[in-house]
Protein chains: 2
Amino acid sequence: MRVNALRAFKAEFFRALAHPTRIGILEILAGSDRTVQQLQAALGADQPTVSQQLAVLRAKNIVAARKAGTTVHYSVRDPLVADLLAIARRIFNNQLIGSQSLLRELQRETRRR
Amino acid sequence: MRVNALRAFKAEFFRALAHPTRIGILEILAGSDRTVQQLQAALGADQPTVSQQLAVLRAKNIVAARKAGTTVHYSVRDPLVADLLAIARRIFNNQLIGSQSLLRELQRETRRR
DNA sequence: GGATAATATCTATATATTAATATATGCGAG
DNA sequence: CTCGCATATATTAATATATAGATATTATCC
């Protein structure tokens, strides 16, 4: 039964998304490619943190790195990741009925797209 | 900035999916509701394992439990979860080019739906 | 070559997750 | 009421992950 191997693989993929910084990175990259510096600024995170979380996403082949001189540009490998995040957003939206403040922020985000 | 709180929340959601058994449970429940016993049989997992992973999904409000006498029927709360898994499947499909055996199994699964 | 900027990796410690096993709870049958 | 089945929870040891900080690598400029 390699259904199990497949499920382990899927679980690994979702685990790669299971971190606030990595979610942030993907949300930003879903819009357009960015350098590490830009990600640092947009996330308000320090350099090693961003770089380390990028390494996780790279290891899972979710993002790609393109080197240009001393800076590195990152992009999402599969545009479907943006769709995935969009569906996830709708699920949160349904789920958060009752948690007003988070819900408001989520709706603001949904409108923006 | 409660964008961060929101991202933490999203990360938690994905963490709930980040386990082979839980993926299995959701794939099965996406088809139709099942009792714990049915899940045990379908997954080939023992009772405490299934129950424990169901508890995780319950805690995140991803599944709902309905008690009928001594047995408990589980269902997925939001039908969008099935869509999420379907998109994830397409992402794996793109990503797995090169890993032939897993890819074959994945395509078999995609065809089935 | 040396200095500097951008990015990556490592290390140590704290914390979380898992798997296996044991035990507890609730309910229906008789 | 008590027995047995279905499910849930607790416990513990092993493993994995996160976080913060220090350090290493790489390319560019002089």
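So you know, we letter chains A, B, ... as the sequences are listed, proteins then strands, and number each from 1.
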Peer 1: Quick one: B:Phe14 CZ to C:dT17 P, roughly how many Å, whole number?
Peer 2: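 That distance rounds to 17 Å.
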Peer 1: Mark yes or no for whether B:Arg22, through its side chain, and B:Ala16, through its backbone, hold a donor-acceptor pair below 3.5 Å.
Peer 2: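 A pair under 3.5 Å: yes.
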Peer 1: From the list D:dT19, C:dT21, C:dT9, which nucleotide is the closest neighbour of the side chain of A:Ala55?
Peer 2: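 The answer is C:dT9.
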Peer 1: Shortest non-hydrogen contact from B:Lys67 to B:Val72?
Peer 2: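 Of all heavy-atom pairs spanning B:Lys67 and B:Val72, the closest is CG-CG2, 3.8 Å.
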Peer 1: Has the side chain of B:Gln52 got a donor or acceptor atom sitting under 3.5 Å from an opposite partner on the base of D:dA8?
Peer 2: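 Checked by distance alone, the answer is no.
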Peer 1: What is the distance, rounded to the nearest whole Å, between atom NE2 of B:His19 and atom P of C:dT17?
Peer 2: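 Whole-Å distance recorded here is 11 Å.
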Peer 1: Is there a side-chain contact between A:Tyr74 and the phosphate of C:dA8, meaning an N or O under 4.0 Å from OP1 or OP2?
Peer 2: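 Answer is yes, contact under 4.0 Å.
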Peer 1: Whole Å only: how far is the CD1 atom of A:Ile25 from the C1' atom of C:dA8?
Peer 2: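 Atom-to-atom, A:Ile25 to C:dA8, this comes out as 13 Å.
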Peer 1: Contact between A:Glu109 and A:Phe92 at the side-chain level, heavy atoms closer than 4.5 Å - yes or no?
Peer 2: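 Answer no - side chains too far apart.
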Peer 1: If you assign B:Ala68 and B:Pro20 each to the DNA chain C nucleotide with the nearest heavy atom, which residue ends up on the more 5' nucleotide?
Peer 2: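 With B:Ala68 and B:Pro20 compared, the 5'-side residue is B:Pro20.
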Peer 1: Starting at CG of A:Leu43 and ending at P of D:dT19, how long is that distance when rounded to a whole Å?
Peer 2: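 Going from CG in A:Leu43 over to P in D:dT19 covers 13 Å.
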Peer 1: Taking the side chain as everything from C-beta on, heavy atoms only, tell me whether A:Thr49 gets closer than 4.5 Å to A:Leu43.
Peer 2: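 When only atoms from C-beta onward are counted, A:Leu43 and A:Thr49 do not touch, as no gap falls below 4.5 Å.
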Peer 1: So, OP1 or OP2 of C:dT17: does either fall under 4.0 Å of a side-chain N or O from B:Arg22?
Peer 2: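 No, outside the criterion.
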Peer 1: Counting only side-chain N and O atoms of A:Ser51, is one of them less than 4.0 Å from OP1 or OP2 of C:dA8?
Peer 2: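 Yes.
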Peer 1: Reckon A:Gln47 has a side-chain N or O less than 4.0 Å from the OP1 or OP2 of C:dT7?
Peer 2: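 For C:dT7, OP1/OP2 do not have a side-chain N/O of A:Gln47 under 4.0 Å.
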Peer 1: Nearest whole Å is fine: how far is C:dT7 C1' from A:Leu57 CG?
Peer 2: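 After rounding, the gap between these two atoms is 16 Å.
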Peer 1: Counting side-chain heavy atoms from C-beta on, which of D:dC5, C:dA8, D:dT7 comes nearest to B:Val72?
Peer 2: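 Selected nucleotide (nearest to the side chain): D:dT7.
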Peer 1: Return the nearest nucleotide to the side chain of A:Lys67; candidates are D:dA8, D:dA27, D:dT7.
Peer 2: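 Selected nucleotide: D:dA27.
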Peer 1: Students often get this wrong, so: under 4.0 angstrom with heavy atoms, is B:Thr71 touching a base, only sugar-phosphate, or nothing?
Peer 2: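 The answer is sugar-phosphate, as B:Thr71 gets under 4.0 Å only of primed atoms, P, OP1 or OP2.
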Peer 1: Considering heavy-atom distances to DNA chain D, does B:Thr70 or A:Pro48 have its closest nucleotide positioned more toward the 5' end?
Peer 2: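 By nearest-heavy-atom nucleotide position, the 5'-most residue is B:Thr70.
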Peer 1: Given C:dA19, C:dT17, D:dA8, which nucleotide is nearest the side-chain atoms of B:Gln53?
Peer 2: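 Ranking C:dA19, C:dT17, D:dA8 by closest atom to the B:Gln53 side chain puts C:dA19 first.
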Peer 1: In whole angstrom, what separates A:Asp46's CG from D:dT19's P?
Peer 2: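 Distance check: A:Asp46 CG to D:dT19 P gives 11 Å.
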Peer 1: Would you indicate whether the side-chain heavy atoms of B:Phe14 and A:Ile23 approach each other to under 4.5 Å?
Peer 2: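 SC-SC contact between A:Ile23 and B:Phe14 confirmed.
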Peer 1: Would you kindly give the CG-to-P distance between A:Leu54 and D:dT25, to the nearest whole Å?
Peer 2: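 After rounding, the gap between these two atoms is 20 Å.
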Peer 1: Can you tell me how far C1' of C:dT18 sits from CD of A:Glu12, to the nearest Å?
Peer 2: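 Interatomic distance, CD of A:Glu12 to C1' of C:dT18: 15 Å.
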Peer 1: Less than 4.5 Å apart, side chain to side chain, heavy atoms only: is that true for B:Val3 and B:Leu6?
Peer 2: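 Not touching, per the 4.5 Å side-chain cut-off.
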Peer 1: As a test of reading the structure: which of D:dT7, C:dT7, C:dA8 is closest to the side chain of A:Gln40, going by heavy atoms?
Peer 2: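 Closest of the options to the side chain of A:Gln40: C:dT7.
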Peer 1: Give a yes/no answer on whether the side chain of A:Arg58 brings an N or O atom under 4.0 Å of OP1 or OP2 in C:dT9.
Peer 2: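 For A:Arg58, the contact criterion (side-chain N or O under 4.0 Å from OP1 or OP2 of C:dT9) is met.
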